[in-house]
Protein chains: 2
Amino acid sequence: MQMKATVPITAVGLKAACAQCNLVELCLPFGMSDSELHRLDDLVGARRKIKRQQPLYRAGDPFEAIYAIRTGSFKTDVLLEDGREQVTGFQMTGEILGLDGISTELHSCNAVALEDSEVCVIAYDRLEELSREVEGLQHQFHKVMSREIVRDHGVMMLLGSMRAEERLAAFLLNMSQRFTARGFSAAEFHLRMTREEIGSYLGLKLETVSRAFSRFQDEGLVTVQQKHIRILDNAGLKKLIQHQQRAC
Amino acid sequence: MQMKATVPITAVGLKAACAQCNLVELCLPFGMSDSELHRLDDLVGARRKIKRQQPLYRAGDPFEAIYAIRTGSFKTDVLLEDGREQVTGFQMTGEILGLDGISTELHSCNAVALEDSEVCVIAYDRLEELSREVEGLQHQFHKVMSREIVRDHGVMMLLGSMRAEERLAAFLLNMSQRFTARGFSAAEFHLRMTREEIGSYLGLKLETVSRAFSRFQDEGLVTVQQKHIRILDNAGLKKLIQHQQRAC
DNA sequence: CCCCGCCGTTGATCCACGTCAACCACATTC
DNA sequence: GAATGTGGTTGACGTGGATCAACGGCGGGG
């Protein structure tokens with residue numbers, strides 16, 4: 001069921017035109033002036049469509065570009081020789097994929113589409129070139145990388161110090177907040193990933209994720225119907241995370 | 001026991017002079033030409049000495065500079081409101097601290113010296129400025145940030161998918177490899193952090209860390225005397241990580 | 001030198017989560 | 001509509017690591 005190599009499923013020749021894109025606020029060009037914005041037009045090359053379950057890139061692939069998600073969503077994961085998988089993140093529209101490849105010029109993880117998706121391809125050498133000239137771009141790019149580091153620290157906190165229900169609560173609140181930023185409902189959304197993928201991300205087995213969902217539902221914090229989530233008690237979820245619910 | 005703010009313990013006026021530093025190979029200037037190297041002299045401002053247990057910066061501090069470790073070592077950690085601590089990393093000479101601050105212009109974690117240490121202070125606005133002119137610096141800086149992201153993914157793998165002994169084995173091999181890169185013995189070294197700090201980093205309690213050390217010693221993989229470690233069977237440790245040691 | 005505090009080790013017990021297994025809800029295909 | 005497969009839920013049970021507790025060793029200060 002695996003493909004030999006990561007090949008573009010579709011590479012359409014359309015220019016991406018950040019200035020016209022409604023994702024600027026969430027994406028790499030955030031905070032740039034109009035004049036700066038127009039200089040990006042020759043940076044963002046083609047778009048590429050990726051079908052659900054297909055890889056955008058794989059660990060070991062040569063690194064040439066980073067990718068901005070235009071539509072759809074992805075997961076990134078790393079694999080151990082013995083087959084164990086760790087999902088390292090879920091990415092939504094406007095977010096940047098591929099930063100892991102800069103350090104060794106090889107991608108160090110897999111990026112897989114969770115649904116039919118489209119990305120803007122940003123050639124990395126062109127990005128470095130242009131960001132030497134466009135200060136706003138340079139600065140924003142650094143912020144994007146730094147944000148990724150901060151996000152990863154948050155996940156470490158989650159994996160290293162939280163119990164199962166706290167992890168799931170943190171995950172739901174994070175998803176809710178990211179949907180909100182994209183103009184969707186904070187309270188009601190559709191998860192694109194399976195229980196197993198959530199579990200891998202949170203360092204839990206899928207059964208534990210499922211049970212935690214059920215318990216949240218019993219306690220009136222959320223309603224869950226398969227992948228459709230409705231948050232009923234945001235504050236209750238937040239409280240779960242902070243109050244280490246132990247005696248003493 | 002906490003200090004109000006992070007103030008320089010000592011700020012010596014000495015220019016750092018990367019070109020003369022024996023850490024270039026490990027540090028930000030890696031791979032830069034001699035002529036590029038000399039342009040760094042006015043980038044790296046003062047050095048700063050930090051006493052053991054003192055913070056270099058704290059979560060919430062305004063971000064102004066990143067730091068290259070000249071001597072000593074640090075830990076970085078994040079705290080939850082309820083007091084839980086997650087150590088997100090241990091840093092050694094030549095490694096860069098403070099990248100987490102770029103995204104929000106506030107530091108998002110604490111950096112604490114594990115021993116009396118000295119860092120080179122690199123003003124961030126000057127770094128951006130200079131890296132617009134010096135291509136090698138720009139590229140190397142991006143690699144350093146990317147490497148941090150890749151490293152964090154490795155820690156997630158560890159926290160999310162490995163059992164206690166695998167985590168400790170991975171930790172020891174990682175330390176060994178980093179000591180080697182610094183010209184120290186790969187087999188014998190002195191840990192600067194406590195069992196509790198190791199435990200926090202690995203998502204384990206200190207007792208579990210201690211027991212795993214004892215078991216490694218019983219199995220002839222290492223000898224442990226307090227913080228002094230000698231690795232007897234490198235391959236054995238590696239095997240521990242890959243072979244998911246379950247029946248079936 | 002002795003005292004004291006911190007750090008590390010080890011043992012006994014507990015419990016959160018993993019494991020194993022059965023079953024159910026949908027979606028896809030024929 | 002039946003057949004098949006994938007993903008999700010739930011229950012029973014086992015276990016790895018947390019918790020609680022006692023003790024030992026080293027290092028710093030009087």
Side-chain angles (χ1 to χ4, degrees), chain A residues 1 51-53 75 83-87 112 114-116 158-169 171 190-219 222-229 240 244-248, chain B residues 1 51-53 75 84-87 114-116 158-169 171 190-219 222-229 240 244-248:
Chain A
M1 213 51 54
K51 287 256 170 231
R52 182 175 134 83
Q53 306 280 36
K75 69 168 177 181
R84 280 179 284 182
E85 178 199 33
Q86 176 68 32
V87 171
V112 178
L114 294 175
E115 58 194 307
D116 293 357
L158 202 144
L159 291 170
S161 309
M162 291 185 179
R163 22 195 34 280
E165 293 194 359
E166 296 176 302
R167 294 184 200 188
L168 189 64
F171 169 74
H190 190 84
L191 298 175
R192 296 343 289 215
M193 66 294 283
T194 66
R195 298 290 189 262
E196 184 165 23
E197 287 164 334
I198 297 171
S200 172
Y201 179 62
L202 299 178
L204 302 169
K205 292 289 137 175
L206 66 95
E207 294 95 327
T208 306
V209 174
S210 180
R211 276 185 249 269
F213 268 128
S214 301
R215 205 151 337 130
F216 284 178
Q217 187 156 248
D218 294 348
E219 288 162 3
V222 300
T223 60
V224 183
Q225 277 173 297
Q226 307 283 108
K227 294 188 155 77
H228 189 88
I229 307 291
L240 245 181
Q244 172 119 274
Q245 71 274 51
R246 302 169 35 224
C248 150
Chain B
M1 212 57 50
K51 286 255 169 234
R52 182 176 136 82
Q53 306 280 35
K75 69 168 177 182
R84 280 179 284 183
E85 179 200 32
Q86 175 68 31
V87 171
L114 294 174
E115 58 194 307
D116 293 357
L158 203 145
L159 290 170
S161 309
M162 291 186 179
R163 27 203 17 289
E165 293 194 0
E166 296 176 304
R167 293 183 201 189
L168 188 64
F171 170 74
H190 190 86
L191 298 174
R192 290 357 275 221
M193 66 293 286
T194 66
R195 299 289 189 261
E196 184 164 23
E197 286 164 335
I198 298 172
S200 172
Y201 180 62
L202 298 178
L204 303 169
K205 292 288 137 176
L206 65 95
E207 294 96 327
T208 306
V209 174
S210 180
R211 276 186 249 269
F213 268 129
S214 301
R215 205 152 335 132
F216 284 178
Q217 187 156 248
D218 294 348
E219 289 164 2
V222 298
T223 60
V224 184
Q225 276 172 298
Q226 307 284 108
K227 294 187 156 79
H228 189 88
I229 306 291
L240 245 182
Q244 173 119 271
Q245 72 274 53
R246 302 167 35 223
C248 151

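Just so you know, these numbers come straight off a predicted model, no measurement behind them. Here is how names work: the chains are called A, B, and so on, in the same order as the sequence lines, proteins then strands, and each is numbered from 1. Only heavy atoms go into these numbers, but all of them, side chains included; no hydrogens, no water, no symmetry mates.
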Donor-acceptor pair, B:Arg167 side chain versus B:Leu159 backbone, under 3.5 Å?
-> yes
d([atom1], [X]; [atom2], [N]) in whole Å:
X        : N      : atom1 : atom2 : result
B:Arg192 : C:dC7  : CZ    : P     : 15 Å
B:His228 : C:dG8  : NE2   : P     : 15 Å
B:Asp218 : C:dT10 : CG    : C1'   : 12 Å
B:Gln217 : C:dT9  : CD    : C1'   : 11 Å
A:Leu114 : D:dG7  : CG    : C1'   : 15 Å
A:Gln53  : C:dA27 : CD    : P     : 16 Å
B:Glu197 : C:dC6  : CD    : P     : 14 Å
A:Glu166 : C:dA16 : CD    : P     : 12 Å

[X] to [Y] - nearest heavy-atom pair and separation:
X        : Y        : value
B:Ala212 : B:Leu168 : CB-CD2, 3.6 Å
A:Glu85  : B:Ser161 : O-OG, 3.5 Å
B:Val209 : B:Gly199 : CG2-CA, 3.5 Å

inquiry  = What's the separation between atom NE2 in A:His190 and atom CD in A:Gln226, rounded to the nearest 0.5 Å?
reply    =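 Nearest 0.5 Å value for the NE2-CD distance: 9.5 Å.
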task: Name the nucleic acid region contacted by B:Gly199, choosing base, sugar-phosphate or nothing; use a 4.0 angstrom heavy-atom cut-off, strictly under.
output: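 It contacts nothing in the nucleic acid.
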Side chains of [X] and [Y] in contact at under 4.5 Å (non-hydrogen atoms):
X        : Y        : answer
B:Ile229 : B:Phe216 : no
B:Met193 : B:Val87  : no
A:Arg192 : A:Arg52  : no

Taking five pairs at each terminus, the helix from C:dC1-D:dG30 to C:dC30-D:dG1 shows an axis bend, to 10°, of 40°
The contact string for nucleotides 8-16 of chain D, one letter per nucleotide 5' to 3', using protein heavy atoms under 4.0 Å with B, S and - for base, sugar-phosphate only and none, comes out as SBBBB---S
More than 12 heavy atoms of other residues, nucleotides or ligands under 6.0 Å from CD of A:Glu115: is that the case?
-> yes
